[in-house]
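Only one structure is covered here, and it is reproduced in the block below.
In what follows, every chain begins at residue 1, and chains take the letters A, B, ... in the order their sequences are listed.
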Amino acid sequence: MITLNVNGRSRDVDDAPNTPLLYVLRDTLELNGAKFGCGLGQCGACTVVVDGKPVFSCLTPIAILQGRKITTLEGLGTEDAPSPLQRAFIEEQAAQCGYCIPGMIMRAHALLTGNAAPTDAEIREHMNANLCRCGTHMRILQAIKRAARGMQAADARAPAQEVRP
Amino acid sequence: MAFSLLLVVVLGAGALFFVAHVAMPEDRGQHVFAPDLVRRGGELAALGYCASCHTAEKGQPFAGGRPLATPFGTIFGTNITPDPESGIGLYSPAAFARAMREGIDRVGRDLYPVFPYNHFTRLEDKDIDALYAFLMTRAAVAAQNRANQLAFPYNIRPLLAGWKLLYLDKFRVTERPDLGRYLVEGLSHCGACHTPRDRLGAEIASQHFDGGEAEDWWAPPLNANSPSPVPWTEESLFNYLRSWDAEHGGAIGPMAQVVAGLASVPEQDVRAIAAYIGSTMAKQGESDGPVEDNQTQAMQAHPQGAELYAGICATCHETGGHVPFTVASLGQHTSLYAPDPRNMIHVVLEGAHPPEGTVGAVMPAFADALSDEQIAEIIAYLRARFSGGAQWENVEDEIARIRRRTSP
């Protein structure tokens with residue numbers, strides 16, 4: 001039995017310790033945001049955030065995740081109440097087929113959590129690990145910039161208040 | 001400190017033998033270069049990896065600014081674009097040749113030997129002319145050189161005259177060797193990283209190609225002392241230097257830039273380098289068999305490392321080489337048999353990312369996913385499995401040190 005902290009909740013799972021987090025998220029916990037792309041850590045579709053850093057969940061066995069904070073797409077917002085970052089992706093229509101988008105959003109989330117006002121170069125550098133085969137990279141970059149602007153504006157309006165879904 | 005004082009005395013005495021170097025006149029004339037000369041100069045610049053020190057990470061080509069960590073402090077690669085103020089735009093052909101062969105800049109200052117003029121001193125006139133033609137036809141970039149960060153007494157440039165008196169002459173040769181030797185010992189300056197250096201930063205001639213270091217990576221021996229379990233042949237060296245070799249894998253770390261440069265030069269130049277290095281690496285009694293793999297014993301000795309390896313690494317590295325740019329067995333990589341774990345640690349922390357515009361192994365960085373202890377477990381497992389049980393010491397401390405250094 002391994003206890004995982006997923007989106008702020010404690011979850012006990014019986015999967016083998018070397019099972020990739022991605023399989024546990026999708027098959028055991030039924031959190032289907034993270035996607036299986038290449039299974040080799042080369043495409044980024046499976047990206048989730050662990051202790052504030054983006055990791056490839058397809059290459060992360062649950063054995064190394066005891067006591068660490070895992071955040072998945074489901075931890076950001078819901079269909080009815082998307083997070084500012086998710087809203088920015090919708091407003092920029094950044095998805096074409098959409099398969100890479102959960103990974104893109106999670107990698108961008110890790111960036112904006114540590115750096116609320118990234119430069120274009122910083123965004124490109126940070127997002128380099130995630131691939132989009134439809135080619136909507138330009139809209140994805142726009143969405144991240146829109147989210148950063150929105151978050152800064154929100155911070156300026158209400159510095160003391162933070163809304164958590 | 002006693003060593004430093006001795007150093008000042010010795011090098012200072014040496015420096016006294018030299019008259020201050022004269023400044024070469026400014027060259028503001030218009031030069032016209034034959035296209036073929038510029039083209040060959042570009043190939044030679046790739047064979048000499050000029051860009052690997054003279055171009056900053058994501059910086060303008062040849063505009064300098066790259067920090068080079070040396071045991072004496074940090075030296076910054078200089079701007080060698082033809083900008084007249086901040087670059088080498090005022091260098092005449094004679095001033096350029098003097099800088100290349102004697103390590104003296106246009107105004108007469110001695111240059112630090114991190115610029116490998118001890119190798120370039122062997123270059124023929126026609127090749128220096130071609131390099132000059134190539135560099136002077138690059139886009140001029142106005143970028144001031146950054147001040148070096150060197151401790152006393154290494155920050156006293158005139159002492160370098162003493163250094164040259166001690167070391168530079170030994171490298172001068174007059175006979176024309178074959179192309180491979182000419183490139184390896186001259187322009188391509190392989191010994192600058194692959195030969196150990198003494199306390200004054202000079203390559204130790206008696207330990208030629210015994211292995212050295214580059215930017216905190218281990219640079220393996222290029223002679224019979226290579227610990228590689230798979231023989232390096234002329235053919236495998238050519239494959240490795242050109243792109244990737246199925247027997248040994250591909251270049252990463254500082255060597256990746258070298259291979260990226262060699263991908264674009266004429267094949268005969270790389271063949272010549274491979275032939276010469278093949279001759280320096282030749283040794284007797286090597287087997288062509290599979291590498292020794294003590295998987296069962298290693299799993300018993302390091303169960304946690306084995307578990308982590310199975311969950312993380314095996315996806316790509318246990319496919320028998322079917323994932324593109326993986327070798328059949330990790331045991332074929334020379335770095336597993338290195339005297340220290342630095343290369344292994346760099347790879348796990350930073351991953352492998354082919355330089356812009358090149359094709360090669362892609363491996364994710366694991367710095368954010370794995371703790372120092374977990375990486376040390378994986379390394380211990382792999383060492384037990386492939387290197388006959390010999391373990392590196394202080395692996396966790398080294399991981400912590402390299403982590404601090406690469407992600408400040």
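Under a cut-off of 6.0 angstrom, the local environment of CE in Met151(A) is crowded, with over 12 non-hydrogen atoms contributed by other residues, nucleotides or ligands. Other residues, nucleotides and ligands place no more than 12 heavy atoms under 6.0 Å from the CZ atom of Arg139(A). The environment of CD in Gln142(A) is crowded: more than 12 heavy-atom neighbours from other residues, nucleotides or ligands sit within 6.0 Å. In Glu292(B), the CD atom is not crowded: 12 or fewer heavy atoms of neighbouring residues, nucleotides or ligands sit closer than 6.0 Å.
Put simply, CD on Glu57(B) and CD on Glu125(A) are 7.5 Å apart, with the number rounded to the nearest 0.5 Å. The distance from the CD1 atom of Ile64(A) to the CG atom of Leu370(B) is 4.5 Å, given to the nearest 0.5 Å.
Of the two parts of Glu307(B), the backbone and the side chain both hold a non-hydrogen atom closer than 4.5 Å to a non-hydrogen atom of chain A.
Here Lys58(B) is the residue among Lys58(B), Gln304(B), Met363(B) with the most heavy-atom pairs under 4.5 Å with chain A. Chain B forms more heavy-atom pairs under 4.5 Å with one residue of Thr60(A), Thr19(A), Leu40(A), Val55(A) than with any other, namely Leu40(A).
Gly39(A) approaches Thr315(B) most closely through the heavy-atom pair O-CG2, 3.2 Å. For the pair Arg68(A) and Asp368(B), the tightest heavy-atom approach, listed with the atom from each and the gap, is NH2-O, 3.1 Å. Between Ile312(B) and Pro61(A) the shortest heavy-atom distance is CG1-CD, 3.1 Å.
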